[in-house]
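In this text, all values refer to a predicted model and were calculated from it rather than measured experimentally. For reference, positions follow the sequence shown, starting with 1.
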Amino acid sequence: MKSYREWDAAYVLGSLSPDERREYEEHMETCESCKTQVTELSGIPAILSMLPQEQAVQLLDPPKQDTMPTLLAAARKSRRRTRIRIAAAVVAAAAVSAVLTAVLLPSDEPPPVAAKTDGVTAQLTQTIPSPVTASVTLVEEPWGTRIDVKCEYGGASGGRALPYTLYIVDANGATTRVGSWNAGPGTSMTPTATTDVPRNQIMRIEIRLATNDKTLLEARF
């Protein structure tokens, strides 16, 4: 009677010929032992796919110490040892190829950009007396500059809110409005604005009262 005792690992690793594969599948229909062995070894390709090719082959040709029973079973000394090694190499090579593809092919998702925590901070000075004080931090970003503002409004809370605007003046003297907000007495605001102007090209920051477009505070860089 033909013995299929050494076919399980070769079957799992895909190293049987098409005729041998069909033959072994027909055999497993009536052999629970072989079917169980194939089930136990079914995770080996996934394990090998995560390893470098050389390490995968080494696991399929382990030392004499009985340290990896499952992989030892997959690497029984048999006439199919060469086929098993080839199958392992193919599996491992496929995994390496998948990794390289993931690295080299462009992704639809943009690469993550590390949050910027450094910046240039300045206290704005008043150009017109008012209960408003503010500081500003210019943070360099790949696309330009992020402008973090912290405004404090003196007086008792509950008063009428007024509109304010934020302007930048660049190295060419161009003035651009980059933000706006409403706030009333007794409040604290932390608006954030953005611009494509590089940080080192921003010469001045202005906070204006939108109702008359007068500059209340400014900072020069």
Check: Between D170 (side chain) and N172 (backbone), is there a donor-acceptor pair under 3.5 Å?
Finding: yes

Notebook entry, point to check: Y167, V139: one ILVMFWY side-chain cluster at the under-4.5 Å cut-off?
Noted result: no

Next item on the list: Please work out which of the three classes, parallel, tilted or perpendicular, describes the rings of Y24 and H27, given edges at 30° and 60°.
Entry: parallel

Check: Are any side-chain N or O atoms of T145 and backbone N or O atoms of R199, one a donor and one an acceptor, separated by less than 3.5 Å?
Finding: yes

Checklist line | N-O pairing of R22 and E25 below 4.0 Å | finding: no

Next item on the list: For T165 and A210, indicate whether the former's side chain and the latter's backbone hold a donor-acceptor pair under 3.5 Å.
Entry: no

Next item on the list: Look only at the side chain of T195 and the backbone of V197, and say whether a donor-acceptor pair between them is shorter than 3.5 Å.
Entry: yes

Check: Which heavy atom in V136 sits nearest to a heavy atom in A219, and how many Å separate them?
Finding: CG1-CB, 4.4 Å

Check: Is K150 salt-bridged to D148, cutoff N-O under 4.0 Å?
Finding: no

Next item on the list: Taking all non-hydrogen atoms of both residues into account, name the closest pair between R160 and P185 and its distance.
Entry: O-CD, 3.6 Å

Next item on the list: Report the C-alpha distance between T127 and E218 in whole Å, list the side-chain angles of each, state the deciding distance to 0.1 Å, and finish with yes or no for side chain to side chain donor-acceptor pair (under 3.5 Å).
Entry: CA-CA 7 Å; T127 57; E218 70 174 16; 6.0 Å; no

Next item on the list: Work out which heavy atom in I147 is nearest to a heavy atom in I205; give both atom names and the distance.
Entry: CD1-CD1, 4.2 Å

Next item on the list: Please state whether the rings of Y153 and Y164 are parallel, tilted or perpendicular, taking 30° and 60° as the class boundaries.
Entry: tilted

